[in-house]
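Read the numbers this way: they start at 1 and go in the same order the structure lists the ligands and their atoms. Throughout, residue positions are numbered sequentially from 1 according to the sequence presented.
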Amino acid sequence: MKQTKYFITAVLALVALSFTSCDTAKDKNKGALSSNLAERTFVAPGEHDEFYAFISGGFSGQLSVYGLPSGRLFKVIPVFSQDGEKGYGYNEETKPMLNTSYGFVPWGDSHHPDISQTNGKLDGRWVFINENNTPRIARISLETFETVEIIEIPNTAGNHSSSYVTDNTEYVIAGTRFSVPVPQRDMPINEYKGNFKGALSFLKVDSESGEMDLSFQIMMPGFNYDKAHPGRGKSDGWFFYTTYNTEESHTLLEVNASQRDKDFIAAVNWKKAEEYIKAGKFETMKTNYAHNIYSDETHSATTTWKKEVKILDPSKLPGLVYFMPMPKSPHGCDVDPSGEYIVGSGKLSANVTVHSFSKMIDAIKNEKFDGEAYGIPILKFEDVLAGIVVQPGLGPLHTEFDGKGNAYTTFFISSEVVKWKLGTWEVLDRKPTYYSVGHLMIPGGNSRAPFGKYLLAMNKITKDRYLPTGPEVSQSAQLYDITGDKMELILDFPTVGEPHYAAGIPADLVAPNSRKIFELEENKHPHATLSEKDTKVVRDGNTVRIYMTTIRSHFAPDNIEGIKVGDKVYFHVTNLEQDYDVPHGISMIGANTSELLIMPGQTETFVWEPKKEGVWPFYCTDFCSALHQEMQGYVRVSPKGSNVPLKWSLDDE
Ligand code: K7E
Ligand code: CUA
């Protein structure tokens with residue numbers, strides 16, 4: 001009896017095996033992942049993932065942190081949008097992070113995260129990410145997993161060909177998708193052609209602090225600069241941008257910007273640009289943009305207003321920019337790990353076209369030009385062409401590399417990832433995505449040293465993939481194992497916001513540096529309270545400052561009287577805890593802001609303007625101990641003009 005049972009199990013296992021080895025069955029993906037596939041994404045309770053994946057939040061404006069291969073969500077890092085969960089953009093300390101020349105902007109559209117590199121390899125120090133709508137670039141620290149810097153990009157609109165780093169993070173770049181009048185001015189829209197400009201921005205990154213500084217802008221013709229990729233290795237020193245709308249149309253672009261057979265890849269020699277800057281061959285333009293920096297010492301952000309930018313004019317500076325023709329309205333621009341191949345994904349092209357860096361250099365040397373556009377030399381298509389991947393799919397968007405000589409391109413229209421070989425251009429494999437894939441990501445897949453184990457595809461449409469949630473349904477990510485000849489879909493998970501690009505990195509390169517607490521003695525917040533005995537309440541006219549502390553499981557003070565209707569009350573709250581994973585929160589009834597979530601050793605502030613007299617409670621919002629529910633206090637609010645004395649206490653003392 002027992003033996004028959006084993007026999008049946010063995011037969012069933014064999015059937016299952018033959019089923020999974022059958023490609024078509026797998027491709028149909030009828031929910032029949034074999035246990036073997038499931039095991040590859042299973043991270044046992046208490047164990048850690050092998051990779052971090054930083055996935056952009058698209059129109060959420062944020063950056064979310066997942067583990068791979070499990071697909072577990074660890075954190076949503078607020079970047080360009082206010083976030084009540086963390087108080088980001090609501091508390092006084094982080095509000096300046098969202099300052100721009102347009103005023104306080106509480107929302108953003110984040111697309112392309114990129115991890116800092118040293119010698120073309122991921123170094124795990126920072127993640128950069130662009131904001132498309134109100135052009136900005138942010139830097140996130142991988143020590144604290146917090147946004148520590150946001151710089152606004154002037155002369156730009158639709159900051160999309162951003163934010164990518166050079167081999168040694170010398171620069172992070174930004175580029176305009178929409179060309180605009182520069183400087184901005186009131187003019188008829190139909191005078192676009194020849195008058196609008198496209199700025200490509202180079203931000204120097206300080207190698208120690210990571211701080212960004214807008215070094216210069218290259219003022220290009222009025223095309224749309226869609227995507228960018230730095231040269232790698234042999235092509236280090238160059239940056240490549242896809243362009244579309246070289247027709248310079250200002251209306252009905254779906255027709256009018258699809259007229260030409262070819263647009264361009266703009267090849268920018270940034271080392272040359274540095275020489276021109278050094279030689280003083282730039283113009284200084286007056287402008288105004290915000291530079292916001294968050295300090296882990298003061299736990300506060302400050303805004304500096306920048307007033308100038310250096311402009312380089314490529315029509316007057318030989319050797320700075322060349323155009324390489326690329327069919328048709330290319331989106332993705334990707335450079336392989338060797339730096340030789342520049343892949344352009346012509347959205348309307350039947351093929352994927354690849355240009356050669358060394359051929360480009362030869363053509364430039366031999367001055368083999370095919371005319372010019374606005375003073376910028378155009379290279380001959382045939383002279384720079386490395387090869388063509390013939391009819392790999394429909395609607396190519398983006399390409400990543402595994403470091404083993406293979407490229408993987410996403411196809412939006414035919415909903416698939418296609419693996420092909422660099423050099424021979426043959427298609428090796430294709431797998432469907434569910435559905436309409438945008439970007440894909442291989443950890444390190446845009447660097448010189450990819451970790452070619454997994455591929456993450458990020459999909460725009462999910463329809464029937466998950467339980468329905470009303471008209472609005474999730475976008476998704478799908479994980480493929482790419483260690484074998486054929487890609488294998490092993491996991492499917494919904495994402496926060498619409499993912500565009502993502503950046504992945506082995507956990508070993510990040511986790512050991514992750515910060516646990518902030519040292520209390522290093523807290524330089526101007527309103528910090530470093531011990532309970534220093535807590536106080538100070539009135540100055542109708543501004544009241546409460547210097548409060550938290551420790552399990554009470555606030556000090558927890559009874560405050562003498563507050564009046566019409567006061568502006570600042571709660572400056574310092575978390576005295578020095579243990580890992582003991583934040584406290586605080587919220588006040590009727591406050592027109594979010595709670596605070598204060599990490600150990602940190603000080604944060606919210607403002608409360610009491611509108612009604614009474615006795616009003618506040619409480620801890622983060623379940624911090626068995627006596628978390630006891631962590632509360634009261635503020636007595638008296639009428640305007642009352643003379644109830646200002647007083648504060650803990651345990652009536
Ligand atoms: Cu293709 Cu903004 Cu990189 Cu979306 S972008 S997919
Ligand atoms: Cu402190 Cu809950």
Please identify which atoms of ligand 1 are closer than 4.0 Å to at least one heavy atom of [X].
| X | value |
| --- | --- |
| Lys227 | 3 (Cu) |
| His112 | 2 (Cu), 3 (Cu), 5 (S) |
| Lys460 | 4 (Cu), 6 (S) |

For this session: Could you check whether the rings of Phe606 and Phe571 sit parallel, tilted or perpendicular, using 30° and 60° as the cut-offs?
Result: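 Judged by the thresholds at 30° and 60°, the geometry between Phe606 and Phe571 is parallel.
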Problem set entry | Spacing of Gln217 atom CD and Leu203 atom CG [to the nearest 0.5 Å] |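 Nearest 0.5 Å value for the CD-CG distance: 8.5 Å.
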For this session: Report yes or no: is the cationic atom of Lys347 (NZ for Lys, CZ for Arg) closer than 6.0 Å to the six-membered ring centre of Tyr244, at no more than 45° off its axis?
Result: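 Yes, Lys347 sits over the ring of Tyr244.
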Problem set entry | Lys/Arg-Asp/Glu bridge criterion (N-O < 4.0 Å) met for Asp167, Arg232 |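 Salt bridge flag = yes for Arg232 with Asp167.
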Exercise. Do the side-chain N and O atoms of Thr603 and Thr574 include a donor-acceptor pair separated by under 3.5 angstrom?
Worked result: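 Thr574 and Thr603 do have a side-chain donor-acceptor pair below 3.5 Å.
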Problem set entry | Protein contact to atom 4 (Cu) of ligand 1 [nearest heavy atom, distance to 0.1 Å] |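 Looking only at protein heavy atoms, the one closest to atom 4 (Cu) of ligand 1 is His500 ND1, 2.0 Å.
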For this session: State, to the nearest 10 degrees, the angle whose vertex is atom 1 (Cu) of ligand 1 and whose arms point to NE2 of His398 and NE2 of His331.
Result: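 The two atoms subtend 90° at atom 1 (Cu) of ligand 1.
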Exercise. So what does the His160 NE2 - atom 2 (Cu) of ligand 1 - His111 ND1 angle come to, to 10°?
Worked result: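 It is 100°, given to the nearest 10°.
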